Amino acid sequence: MPQAISPAVLTISSRNYSSWSLRGWLLARLAGIEFTENVISPDDPSARAELLLLSSSILVPSLKHDDVLVWDTLAIAEYLNELKPKAGLLPADRVARAHCRAISGEMHSGFTALRSALPMNLRGHFPGFKVWTRAQADIDRICSIWNDCLSKYGGPFLFGAKPTVADAMYAPVTTRFRTYDVKLDRASYAYCDTILALPEMQEWIHAAKTEPLEFDELEAEF
């Protein structure tokens, strides 16, 4: 009989504002592991620094499982893929798997203009929001990535019929595009619909909208 996998503890912060917490949580849910949540108050100085992009490193989310503690989101993804290989967090095909890792890494380390200009805010909605040139360049690149993957692998997710690490990495972007009323091509808009309709995303968004905390620094001003 296969050995049972012991429960894990996932540390997260704000559901409304923390894109990294969403990524880690979604990865854990897609992997199908049993876990409990340890929610750090965003009033905690280190958590607040991360949310405001003032931290030199991102330590939340983190996953504690048995004697393993892993905190980088891509490292969490790789660990979960080793723990639950049948969940398909990475594509089975070698070429597609390399592609998935590449675009996930690009999201992990890039798109800084988008992050700062359009902070994640699931409770907000700002129709007619002015997107400046640098952020628009990030948006164009993301849509190019999505269109390429959807064309190559047939959708509805970036690498085919099931969500992978890449979809978890780009999921917060889909919320940003809706929050700030970003104009998208048809395929990119449909992809956002697909991600936002996931039961796991609906669960996260519902919880975010009932979260009492509000950061003035992360609310758009006009």
Side-chain angles (χ1 to χ4, degrees), residues 10-15 17-31 40 42 46-63 68-82 89-91 94-122 131-150 152-153 157-159 163-177 179-180 182 184 188 191-192 195 201 204 217-218:
L10 182 73
T11 298
I12 60 175
S13 61
S14 170
R15 282 180 166 83
Y17 298 113
S18 177
S19 59
W20 293 109
S21 291
L22 170 55
R23 291 182 178 103
W25 184 89
L26 189 55
L27 285 164
R29 289 295 300 272
L30 293 177
I40 295 178
S46 60
R48 192 177 186 90
E50 289 180 5
L51 288 171
L52 297 176
L53 305 178
L54 298 175
S55 176
S56 59
S57 61
I58 302 295
L59 302 179
V60 176
S62 65
L63 184 71
V68 174
L69 177 63
V70 58
W71 56 90
D72 179 271
T73 312
L74 287 183
I76 291 172
E78 293 287 352
Y79 179 76
L80 291 172
N81 184 65
E82 292 181 5
L89 288 179
L90 290 171
R94 176 179 60 86
V95 174
R97 191 163 59 249
H99 190 184
C100 181
R101 284 185 167 119
I103 67 167
S104 296
E106 188 171 352
M107 181 71 254
H108 187 272
S109 61
F111 306 119
T112 55
L114 174 70
R115 297 182 201 278
S116 59
L118 284 71
M120 181 163 141
N121 183 348
L122 294 173
V131 178
W132 299 102
T133 304
R134 289 184 61 204
Q136 186 62 52
D138 283 353
I139 292 167
D140 293 344
R141 172 57 186 158
I142 288 168
C143 289
S144 175
I145 290 170
W146 290 357
N147 277 271
D148 180 46
C149 287
L150 295 169
K152 281 184 177 177
Y153 305 107
F157 300 101
L158 293 178
F159 288 87
T164 64
V165 170
D167 298 288
M169 292 300 293
Y170 284 87
V173 175
T174 69
T175 74
R176 285 177 159 105
F177 286 173
T179 294
Y180 297 99
V182 176
L184 304 171
S188 296
Y191 174 69
C192 289
I195 295 299
M201 287 293 290
W204 180 275
E217 301 98 319
L218 294 174

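Note that the structure is predicted; figures quoted are calculated from it, not measured.
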Heavy-atom pair of closest approach, residues [X] and [Y]:
| X | Y | value |
| --- | --- | --- |
| Arg176 | Val182 | O-CG2, 4.5 Å |
| Pro163 | Leu30 | CG-CD2, 3.7 Å |
| Pro91 | Cys100 | CD-CB, 3.7 Å |
| Leu89 | Ala77 | CD1-O, 4.2 Å |

Is a side-chain N or O of [X] found less than 3.5 angstrom from the main chain of [Y], in a donor-acceptor match?
| X | Y | value |
| --- | --- | --- |
| Asn147 | Cys143 | yes |
| Arg115 | Gly110 | yes |
| Thr175 | Leu122 | no |
| Ser116 | Ala113 | yes |
| Ser13 | Ile40 | no |
| Tyr170 | Ile103 | yes |

Item to complete: May I have the step-by-step check of side-chain contact (heavy atoms from CB on, under 4.5 Å) for Ser18 and Val60, ending in yes or no?
Response: CA-CA 9 Å; Ser18 177; Val60 176; 5.5 Å; no
Quick one: pull up [atom1] in [X] and [atom2] in [Y] and give me the separation to the nearest 0.5 Å.
| X | Y | atom1 | atom2 | answer |
| --- | --- | --- | --- | --- |
| Phe111 | Ile139 | CZ | CD1 | 10.5 Å |
| Leu27 | Tyr79 | CG | OH | 14.0 Å |
| Met107 | Ser19 | CE | OG | 7.5 Å |
| Leu158 | His99 | CG | NE2 | 8.5 Å |
| Arg29 | Leu80 | CZ | CG | 13.0 Å |
| Thr174 | Leu22 | OG1 | CG | 8.0 Å |

Item to complete: Evaluate the criterion side-chain contact (heavy atoms from CB on, under 4.5 Å) for residue pair Ile76 and Arg23; output intermediate values, then yes/no.
Response: CA-CA 10 Å; Ile76 291 172; Arg23 291 182 178 103; over 6 Å; no
Do the non-hydrogen side-chain atoms of [X] and [Y] ever get within less than 4.5 Å of each other?
| X | Y | answer |
| --- | --- | --- |
| Thr179 | Leu118 | no |
| Val165 | Asn81 | no |
| Leu90 | Glu78 | yes |
| Leu26 | Trp204 | no |

Discussion item. Suppose we screen for side chain to side chain contact (heavy atoms under 4.5 Å, CB included). Which residues come up paired with Ser62, at least two apart in sequence or across chains?
Written reply: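 With neighbours one apart ignored, the set is Thr11, Leu69, Trp71.
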Fill in: For Thr164, all residues meeting side chain to side chain donor-acceptor pair (under 3.5 Å), sequence neighbours excluded
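With sequence neighbours excluded, Thr164 shows a side chain to side chain donor-acceptor pair (under 3.5 Å) to Asp167, given in chain and number order.
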Item to complete: Given side-chain contact (heavy atoms from CB on, under 4.5 Å), test Leu74 with Ser104 step by step and report yes or no.
Response: CA-CA 8 Å; Leu74 287 183; Ser104 296; 4.0 Å; yes
Discussion item. Tell me whether the rings of His108 and Trp20 are parallel (<30°), tilted (30 to 60°) or perpendicular (>60°).
Written reply: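 Ring orientation, 0 to 90° scale: perpendicular.
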Discussion item. Which label fits Tyr153 and Phe159: parallel for a plane angle under 30°, tilted from 30 to 60°, or perpendicular past 60°?
Written reply: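 The rings of Tyr153 and Phe159 sit tilted, inter-plane angle from 30° to 60°.
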